[in-house]
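Remarks on the structure that follows.
Heavy atoms only: backbone and side chains are in, while hydrogens, waters and symmetry mates are out.
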Amino acid sequence: MKPVAGALALLLCGLSDAAWAGCNSPHLAPGYCDQDGDLVADPPHDKSQWLDPEVIMVADVTTYDLLQRVDRSGRFVHYLENALKRKVRYFVARDNAEMTDAFKANRIHLVNINSGGVAQAVRCHGFVPLVQITDAGGKLAGYTMELVVPAASPIKSVRQLKGHRITFVDDTSASGYKAPLAILREQFGMLPGRDFRFDFSGRHDSSLMGVAGGIYEAAAIASGAREDLEHSKLLDAAALRVIYTSRPFPLPPWGVSNRLAPALSKRLLQALLDYRGDDAVQGPGNHFRVANYKDDWAPVRAMFGAGEAGTKCQ
């Protein structure tokens, strides 16, 4: 076992009664405390609120090919069972809303929150990112937001989207909604309703196939979803055109609730850091490094700005 050092040791540190009584963390929802300043919720001071489930539920939302994803993740589940010496089960949510509801209800424990929902999950629901996916060299793995149109479309630039309809994924998606809205507004002065109409497809693969089939005029998608579909021969790259590519965003982190027993959180963290799978759990590569929400997600928080921070917790 490799040592887990630095700020990670805080997972096992309790806070004094005085510290909790005076805890003021305005960047988190009421009831959460960030005493160490890492921008995520600390474990509850009351140990009776800690969760130590006999069966660990692992969950994420697949962007395409559900059956293939379940089969692939079976290897990951088997690895975790051996590492943790307890039962592990895998759950694929239909969409981000279903997974968020299950996380809030403590029915799932190790989750892969979509990039657009990370900030709100941290602030509102006690989500604590544990690890980020890296390439074999340890570099943070990422993806870009792309605006795509059918290959035969006369639209060649972003400004030519004025007066047309853009299909987004859902309102929690970073690349499929939040990032393109911010980019269209800040870089191109374009506002929904005034400069373009919009709707939602619900999934990245639906948006991509809709554009490729000429059903959608344009769509905002994650580059990884397009690359996966092209690699699996489900999408013909020649059927669409990319007219905009954003700067990279980090891939969704794997994390837990701040209520998960600190000792179990530490064991999960170490198991993930030790993981060397023969296939990607999600995205490129098969390696993880310790997540640093404060730094890794600073560009994303800056892009979403006050609108994201001001979103009400439900």
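A ring-centre distance under 6.0 Å is found for Tyr177 and Phe200. With ring centers used as reference points, Tyr275 lies 6.0 Å or more from Trp254.
Checked by atom type and distance alone, the side chain of Arg259 pairs as donor or acceptor with a backbone atom of Gln49 at under 3.5 Å. Not one N or O on the side chain of Asp205 forms a donor-acceptor pair closer than 3.5 Å with the backbone of Leu229. Side-chain N or O atoms of Ser153 include none that pairs as donor or acceptor with a backbone N or O of Glu217 at under 3.5 Å. Of the possible polar contacts, none joining the Arg185 side chain to the Leu191 backbone as a donor-acceptor pair under 3.5 Å is found. Here the side chain of His204 pairs a donor or acceptor atom with the backbone of Ala222 at under 3.5 angstrom. Gln160 contributes a side-chain N or O that, together with a main-chain N or O of Lys156, makes up a donor-acceptor pair within less than 3.5 Å. The main-chain N or O of Gln35 is found under 3.5 Å from a side-chain atom of Asp42 such that the two form a donor-acceptor pair. At least one donor-acceptor pair closer than 3.5 Å links the side chain of Lys85 to the backbone N or O of Asn82. Under a 3.5 Å cut-off, the side chain of Tyr79 and the backbone N or O of Ala271 do form a donor-acceptor pair. In this structure a side-chain-to-backbone donor-acceptor pair under 3.5 Å is missing from Arg197 to His164.
Summarising the geometry of Gly202 relative to Asp170, their closest heavy-atom pair is O-OD2, 4.2 Å, with the distance given to 0.1 Å. Closest heavy-atom contact between Asp195 and Gly189: OD2-O, 3.6 Å. Shortest non-hydrogen contact noted between Ser265 and Leu130 is O-CD1, 4.2 Å. Nearest heavy atoms, Ala41 versus Gly126: CB-CA, 4.3 Å. Among all heavy-atom pairs drawn from Arg159 and Phe188, the shortest one is NH1-O, 3.3 Å. The shortest non-hydrogen separation linking Val290 to Leu273 is N-CD2, 3.7 Å.
Here the side chains of Val256 and Leu264 are not in contact, with every heavy-atom distance at 4.5 Å or above. For the pair Ile56 and Leu80, the minimum side-chain heavy-atom distance is 4.5 Å or more. The shortest distance between side-chain heavy atoms of Phe76 and Leu272 falls below 4.5 Å. Taking 4.5 Å as the limit, some side-chain heavy atom of Thr144 sits within range of a side-chain heavy atom of Ser246. For the pair Asp296 and Arg289, the minimum side-chain heavy-atom distance is below 4.5 Å. Residues Leu181 and Pro192 meet the side-chain proximity criterion, which asks for heavy atoms closer than 4.5 Å. A heavy-atom distance below 4.5 Å is found between the side chains of Asn114 and Thr172. Inter-residue side-chain proximity for Gln187 and Val158 is flagged as unmet; no heavy-atom pair is nearer than 4.5 Å.
By the rule that hydrophobic residues join a cluster once side-chain heavy atoms approach within less than 4.5 Å of another member, Leu208 and Leu234 end up as members of one cluster. There is a path of hydrophobic side-chain contacts, each under 4.5 Å, that joins Phe91 to Leu51. Clustering ILVMFWY residues whenever any of their side-chain heavy atoms sit less than 4.5 angstrom apart, transitively, puts Ile243 in a cluster other than the one holding Val169. Two different hydrophobic clusters hold Leu140 and Tyr293 under the rule that ILVMFWY side chains link at heavy-atom gaps under 4.5 Å. Hydrophobic clustering (ILVMFWY, side-chain heavy atoms < 4.5 Å, transitive): Val211 and Val242 are in one cluster.
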Next item on the list: For side chain to side chain contact (heavy atoms under 4.5 Å, CB included), just list the numbers for Arg165 and Tyr216, CA-CA rounded to whole Å, side-chain angles, deciding distance to a tenth of an Å, and then say yes or no.
Entry: CA-CA 8 Å; Arg165 182 180 298 276; Tyr216 298 147; over 6 Å; no

Item checked: Candidate pair Val58 and Val88, rule side chain to side chain contact (heavy atoms under 4.5 Å, CB included), full reasoning -> CA-CA 7 Å; Val58 179; Val88 178; 3.5 Å; yes

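Residues Asp34 and Lys294 are not paired through a salt bridge, judged by the lack of any N-O separation under 4.0 Å between the basic side chain and the carboxylate. Between Arg86 and Asp52 there is a salt bridge, since at least one side-chain N of the basic residue sits less than 4.0 Å from a carboxylate O of the acidic one.
Note on ring orientation: taking the six-membered ring where Trp is involved, the planes of Phe196 and Phe168 are perpendicular (angle over 60°, cut-offs 30° and 60°). Ring geometry, Phe127 versus Phe103: the interplanar angle exceeds 60°, so the pair is classed perpendicular (tilted spans 30 to 60°).
Taking CG from Asp101 and CE from Met99, the interatomic distance works out to 11.0 Å, rounded to the nearest 0.5 Å. Note that CD1 of Ile133 is 5.5 Å distant from CZ of Phe288, once rounded to the nearest 0.5 Å. Considering OG of Ser157 and NZ of Lys162, their distance stands at 10.5 Å, rounded to 0.5 Å. Separating the CG atom in Asn292 from the CG atom in Asp38 is a distance of 8.5 Å, to the nearest 0.5 Å. Put simply, CZ on Arg123 and CZ on Arg301 are 11.5 Å apart, with the number rounded to the nearest 0.5 Å. Here Glu227 contributes atom CD and Glu146 contributes atom CD; the two are 7.0 Å apart, rounded to the nearest 0.5 Å.
Partner of Asp60 under the side chain to side chain contact (heavy atoms under 4.5 Å, CB included) criterion, out of Val111, Leu110, Asn112: Asn112 alone.
A side-chain donor from one of Ser201 and Ser207 sits under 3.5 Å from a side-chain acceptor of the other.
Residues passing the salt bridge (charged side-chain N to carboxylate O under 4.0 Å, His left out) test with Arg89 are Glu81, sequence neighbours excluded. With sequence neighbours left out, the salt bridge (charged side-chain N to carboxylate O under 4.0 Å, His left out) criterion links Arg107 to no other residue.
Summarising the local packing, NE2 of His27 is surrounded by more than 12 heavy atoms from other residues, nucleotides or ligands at distances under 6.0 Å. Around the CZ atom of Arg247, the shell of radius 6.0 Å holds no more than 12 heavy atoms that belong to other residues, nucleotides or ligands.
For the pair Arg226 and Tyr143, the cation-pi test (distance below 6.0 Å, angle within 45°) is failed.
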